[in-house]
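Data first, discussion second: the structure below is written as structure tokens.
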Amino acid sequence: MPITQNGVELTVEISAKAAEKIKYFADKEGIMGDVGLRVAVKGGGCSGLTYDLTITDQERESDKIVEQYGVKVMVDKKSYIYLVGTQLDFSDGLNGKGFVFENPNAKKACGCGTSFAV
């Protein structure tokens, strides 16, 4: 079931920790004001599809945009169908640091978690 906020379907739900890290990386890149994360799906990886993340303050007209924890999550139309209901978190544990996806649309994923198949 899709996640909703104020009756609006969320494409990607981010955790407070992920939002904190996005703001940190934006600050390191000199992005001030509206901080955003562009989330896209591209062909590649050992499972066929891979996640592509870009810290940006540039919105595109066709983006689906949801704001959470002061961060705009921007998803293009093509990637949207692969990402509905996805949760994005940040892990800084001993097994590796980085963004972690929980995608209900993925039927299989590679061991490192960077690619998936539907």
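If you read the sequence from its start, that first residue is 1, and numbering goes on from there.
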**Message:** Check for me, please, whether Val75 and Tyr82 land in the same ILVMFWY cluster - side-chain distances under 4.5 Å, paths through other members count.
**Reply:** yes

Heavy-atom side-chain contact between Lys64 and Lys77 under 4.5 Å:
no

More than 12 heavy atoms of other residues, nucleotides or ligands under 6.0 Å from CD of Glu29: yes or no?
yes

Handout entry: side-chain contact (heavy atoms from CB on, under 4.5 Å) between Val118 and Leu49, worked out
Key = CA-CA 8 Å; Val118 290; Leu49 297 170; 4.3 Å; yes

Taken in chain and number order and not counting sequence neighbours, the residues that satisfy side-chain contact (heavy atoms from CB on, under 4.5 Å) with Ser15 are Lys17, Ala18, Asp89

Going by chain and number, the hydrophobic cluster around Met32 (ILVMFWY, side chain to side chain under 4.5 Å) further includes none

For Val66 and Gln68, the nearest pair of non-hydrogen atoms, with its separation, is CG1-NE2, 3.7 Å

Expected output: side-chain Asn105 to main-chain Val84 donor-acceptor under 3.5 Å
yes

**Asked** Mind checking whether Phe101 and Val12 sit in one hydrophobic cluster, side chains of I, L, V, M, F, W, Y counted as touching below 4.5 Å?
**Response** yes

- request: State plainly whether one hydrophobic cluster holds both Leu83 and Leu88, where clusters connect Ile, Leu, Val, Met, Phe, Trp and Tyr through side-chain heavy atoms under 4.5 angstrom apart.
  value: yes

Practice prompt. State, yes or no, whether a side-chain contact exists between Lys23 and Val71 at a heavy-atom distance under 4.5 Å.
Written response: yes

OG1 (Thr56) and CG (Asp34) are apart, to the nearest 0.5 Å, by 10.5 Å

| query | Is the side chain of Ser79 donor-acceptor paired with the backbone N or O of Val41 at a distance under 3.5 Å, no angle test? | reply | yes

Here the salt bridge (Lys or Arg N to Asp or Glu O under 4.0 Å) pairs for residues 42-57, sequence neighbours left out, are Lys42-Asp52

request  = Answer yes if Val73 and Tyr69 sit in the same cluster of Ile, Leu, Val, Met, Phe, Trp and Tyr residues linked by side chain heavy atoms under 4.5 Å apart, and no otherwise.
outcome  = yes

Under 4.5 Å between side-chain heavy atoms, counting indirect links through other Ile/Leu/Val/Met/Phe/Trp/Tyr residues: same cluster for Val100 and Leu53 or not? no

When rounded to the nearest 0.5 Å, the distance separating CD of Glu20 from CD1 of Ile14 is 11.5 Å

| Does Asp63 come within less than 4.0 Å of Arg38, counting only side-chain N to carboxylate O? | yes

Shortest non-hydrogen pair, Pro104 vs Gly85, comes out as CD-O, 3.5 Å

task: Please determine, by modelled atom types, if Asn103 and Tyr51 share a side-chain donor-acceptor pair under 3.5 angstrom.
output: yes

Taken to the nearest 0.5 Å, the spacing of Tyr24 OH from Ile55 CD1 works out to 12.0 Å

So CD of Glu13 and CD of Gln87: to nearest 0.5 Å the spacing works out to 4.5 Å

Interatomic distance, CD1@Ile65 vs CZ@Arg60, rounded to 0.5 Å, equals 10.5 Å

query: Within 45° of the axis and under 6.0 Å from the centre of the six-membered ring of Phe25, does NZ or CZ of Lys28 qualify?
result: no

